[in-house]
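Quick note: residue numbers are just sequence positions, from 1. When a ligand or atom number is given, it counts from 1 through the structure's own listing order. Here the structure is a predicted model, which means the values were calculated and not measured.
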Amino acid sequence: MTTPPNGRRVLQTEQITLMKKISVRLPKHIVPERYQIMLRPDMEKLVFYGEETIYLNITKPTRDIVLHSVDLDLSEVVLKSSKFKYQISKLSQDPKTETVTFTSSKKIPKGKAELSLKFKGVLSDSLKGFYKSKYFHDGQEKFLATTQFEATDARRAFPCFDEPAQKAIFDVTLQIPKHMTAISNTIETDIAEHKGGYKVVKFAPSPKMSTYLLAFIVGEFEYIETKSKHGVVVRVFTTPGKKEQAQFALEAAAKVLDYYDDYFDIPYPLPILDLIAVPDFGSGAMENWGAITYRETALLVDPQNSSAANKQWVAIVIAHEIAHQWFGNLVTMEWWTDLWLNEGFASYMEYLGVNELFPEWRMWDQYVSERFAVALKLDALVTSHPIEIEVHHPDEIHESFDQISYAKGSVVIRMLAEYLGADVFRDGLRHYLKKHAYGNTTTKDLWASFEKVSKKPVRKIMEKWTRQTGYPLLSVKESNGKFELSQSRFFSSEMSRKKNKTKSIWPIPVSALDADGSKKQMLLEKSKAIIVSKNTGWVKFNHNETSLVRVAYNAEALDKLMFAVAENKLQPSDRLGVIRDAFALSETGQFSTVKALEFAGYYVNETDLPVWEEISGGVFSATEFYKDKPWYGRLEIHLQELFRPLAHRLTWEKTKGEGHIQGLLRSLALAQLGTAGDAATITKAQELFKGHIEGKLIPPDVRGVVYSLVAQNGGQKEFNEFIKLYKSSEQHHEEQDRVGRAMGNFKDKKVLAQVLDFAMSKNVRLQDSPSIFIGVGRNFYGRDLAWKFLQKNWKKINANYNVGGHLLEWFVAPFSCFSTLEKAKEYEQFFKKNPAPSVSRTIKQVAERIKSNAAYVKREEKNIEKWVKG
Ligand code: BES
Ligand code: ZN
């Protein structure tokens, strides 16, 4: 960690933080124990009315009661107990702290009290709080009302103590139009007729839980249901006409729920688990206890139209959110500083869960090229941050839902699981969850449980990983079977490395597998160590890519490994690791890019999906900047040679009985070969597209590739077809999304300008604009246009997309593909003039990436040119 330069500075920053802290945290002497909430959404006026009583325990006499409330009209506030009744005369709302303070004319004594009030709010379009979502049924426009409270938006639906540690029991009653369905966290206990075409639906009391996990959903839904083996009723809700697409989710949810019941050794505490597909949704899904809400693409699978990739995504999201029912809902972080306990964990468990359901999908190998790869990239920036991070303002809290919490969090957990062994790890989790059930924790509590169960110094080791930014590069110098190891923080560029002033050391679990199959394991706690191997064949360090490190081999060790790769001697995750680190080191100047590209050629007979994912990623990063060079055509020939054998082996057709992974690999291979300009692949894609429009549907696994290649090589005519496809696929969101994402791939600037306008038009849901925009922003031929568009429309974009989920982030993120210092400056200056506090860290990271690209291009361009011409 950073050592502060002198004592005085420390004091000052501490004071400032203290002030910030006081301003956002609620006083601790008023404790909510129970909420009775009644809500009546008016689905025509699109507003809602509420009444609530909060049962409080006041631990210190006070005049003021402070709680959270945003954009609500409050009235009829009464505070009473068995001994007193006060009409609250003074009410002051503070939009900055998002609180309301009720001041009583007399001192409120210690003890129990009840706070009652009425309120009114608007069903917003902001994808947070209590909001409305629009859909069409039988050609008619309809609305449903739903909630998204995490992290700090329950306060927009009802006044509350909106902090994760203020757990309470919730009694929810919803007054809804007669023809609609109401869903909340628990099972409904009573439905009664009500005046004015309404009915009153009462729900059983919730478990003791945090406000951010509460949910109310009201609309016309249909559903299918099943019972898990352990007896929990599982239901999947969709808007009318879509319940056929819910079958896959229903089965997966019931199975994974049973699996977690056993794994955690704690039964899911509610009699019912609902999964609800919501047409407008900011993120992918939300783990509300017992009432998980999903974007349609993250829950629905249509056997006719869904790709293997989407099915896998659905399984992942289901396994992720259901894991939260324990990790997050039953045991919750004390404050958002420890958000990673929720998200890092669920991001680990999602693979464990899906792996259990579909072992043939080989999720843990996929993990290495997915979540793991994301963590390695992001945490190599000097602008990254530690997993445990101090946060105060809602903007900061929101921004901490990033890949450090998710991806790095999960990698650190997987590393610990490997270090402790599967059974000890599971027992540690059981200990932790049982000890803190219905309570709140910090990271230290988790380490304490693992220590207790394993008797190993878990906290001492793990703290270095969660409190220090970054991760180590393990340098391996071999000479004749003697290996000198040393560690230093890895940076994605020399510039970032120079900027960094701290020296960090990590306790690294190091494993090494050698040619005769023997494995060595050690904990490297210092900066250097020596290992001696008996044989002089290859040695793969970080076997199975379990520790969060990259490895730099000296030439002698690497040469041997390259041959082992060519002869297919290593397992997939190890083959993947070697090429991944070669490309990463070539970016930083510690390895030659041309050598890395040549090394990729050693994989020409590779058959494995995650390895190919990594190769294509590496090759893309090394070559993406040169599309406008006169010699790019020659480079494309190299790329075609790399991907052609794979694509030809797989062909466009599914073979009988082929597995899930094969489908994923086919789409990758064809996309790579076609994007590298292979004429036959492009022609075939265009033929398939023509047939598709005429009614001969393209198989879903290759549909995305076809769309993308058609756009890359098409113009106005194809764009018009895409618009038609987009508009006609409202009933199948995955398809609509696929079309939208493909649109970013055109090369013609006139068409791309129309794509940008379309992305922001009424035809596209707020939630879907960013993915279309990203397509243009990441496109070599579109990024200047997208950047100009963003600057010109910034006010509108900032106002409209600063809502639930991370929509705004996706508008500023794609520009990390720029590669000149001028662009970096332009980008930084624009956001200096137009600050965007909710995405400020992303902006810093993008600027760092642009600068590092600029250095990379400057260093390597000539070498690559020479290589392709050679
Ligand atoms: N708790 C999050 C949802 C969330 C995200 C709330 C951002 C507030 C801000 C949920 O568990 C989640 O992580 N969803 C992921 C899906 C998952 C499979 C990675 C998402 O929405 O992307
Ligand atoms: Zn999550």
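For ligand 1, the atoms sitting less than 4.0 Å from at least one non-hydrogen atom of E287 are 1 (N), 2 (C), 10 (C), 11 (O), numbered in the order shown with element in parentheses. Atoms of ligand 1 lying under 4.0 Å from any heavy atom of H324, numbered from 1 in the order shown and given with element: 11 (O).
Taking the ring axis of F281 as reference, the NZ or CZ atom of R295 does not stay both within 45° of it and closer than 6.0 Å to the ring centre.
S206 is linked by a side chain to side chain contact (heavy atoms under 4.5 Å, CB included) to I169, F170, T186, M209, counting only residues two or more places apart in sequence or in another chain.
The shortest N or O to N or O distance between E350 and ligand 1 is not below 3.5 Å. Remark: ligand 1 and H806 share no N or O pair separated by less than 3.5 Å (distance only, no angle test). The shortest N or O to N or O distance between E343 and ligand 1 is under 3.5 Å. The shortest N/O to N/O separation between H398 and ligand 1 does not fall below 3.5 Å.
Using a distance-only test at 3.5 Å, with no hydrogens or angles considered, no donor-acceptor pair links the side chain of E418 to the main chain of R414.
Here the shortest heavy-atom pairing between G50 and L39 reads CA-CD2, 4.0 Å. Shortest non-hydrogen contact noted between D445 and H436 is CB-NE2, 3.7 Å. Across all their heavy atoms, P164 and E334 have their closest contact at CG-O, 3.7 Å.
Each of N310, N305, T297 was scored for a side-chain hydrogen bond (donor to acceptor under 3.5 Å, both in side chains) with E734, with one residue passing: N310. Partner R155 forms a side-chain hydrogen bond (donor to acceptor under 3.5 Å, both in side chains) with one of D162, D71, T211, T99 and no other, that one being D162.
Within the coordination shell of the Zn ion (ligand 2), defined by N, O or S atoms under 2.8 Å, E321 is absent.
Here the protein heavy atom with the shortest distance to atom 21 (O) of ligand 1 is G284 N, 2.5 Å. The nearest protein atom to atom 13 (O) of ligand 1, hydrogens excluded, is given as Y406 OH, 2.5 Å; this is a heavy-atom distance.
Heavy atoms of A285 approach ligand 1 to within less than 4.0 angstrom.
Within the 4.0 Å heavy-atom criterion, both parts of E150, backbone and side chain, lie near ligand 1. Counting heavy atoms closer than 4.0 Å to ligand 1, residue R371 contributes side-chain atoms (C-beta onward) but none from N, CA, C or O.
A salt bridge links D153 with R156: the distance from a Lys NZ or Arg NE/NH1/NH2 to an Asp or Glu carboxylate oxygen falls below 4.0 Å.
Evaluated by nearest non-hydrogen atom to atom 12 (C) of ligand 1, the leading choice among M286, R295, E321 is E321.
As for E343, its N/O/S atom nearest the Zn ion (ligand 2) is the one called OE1.
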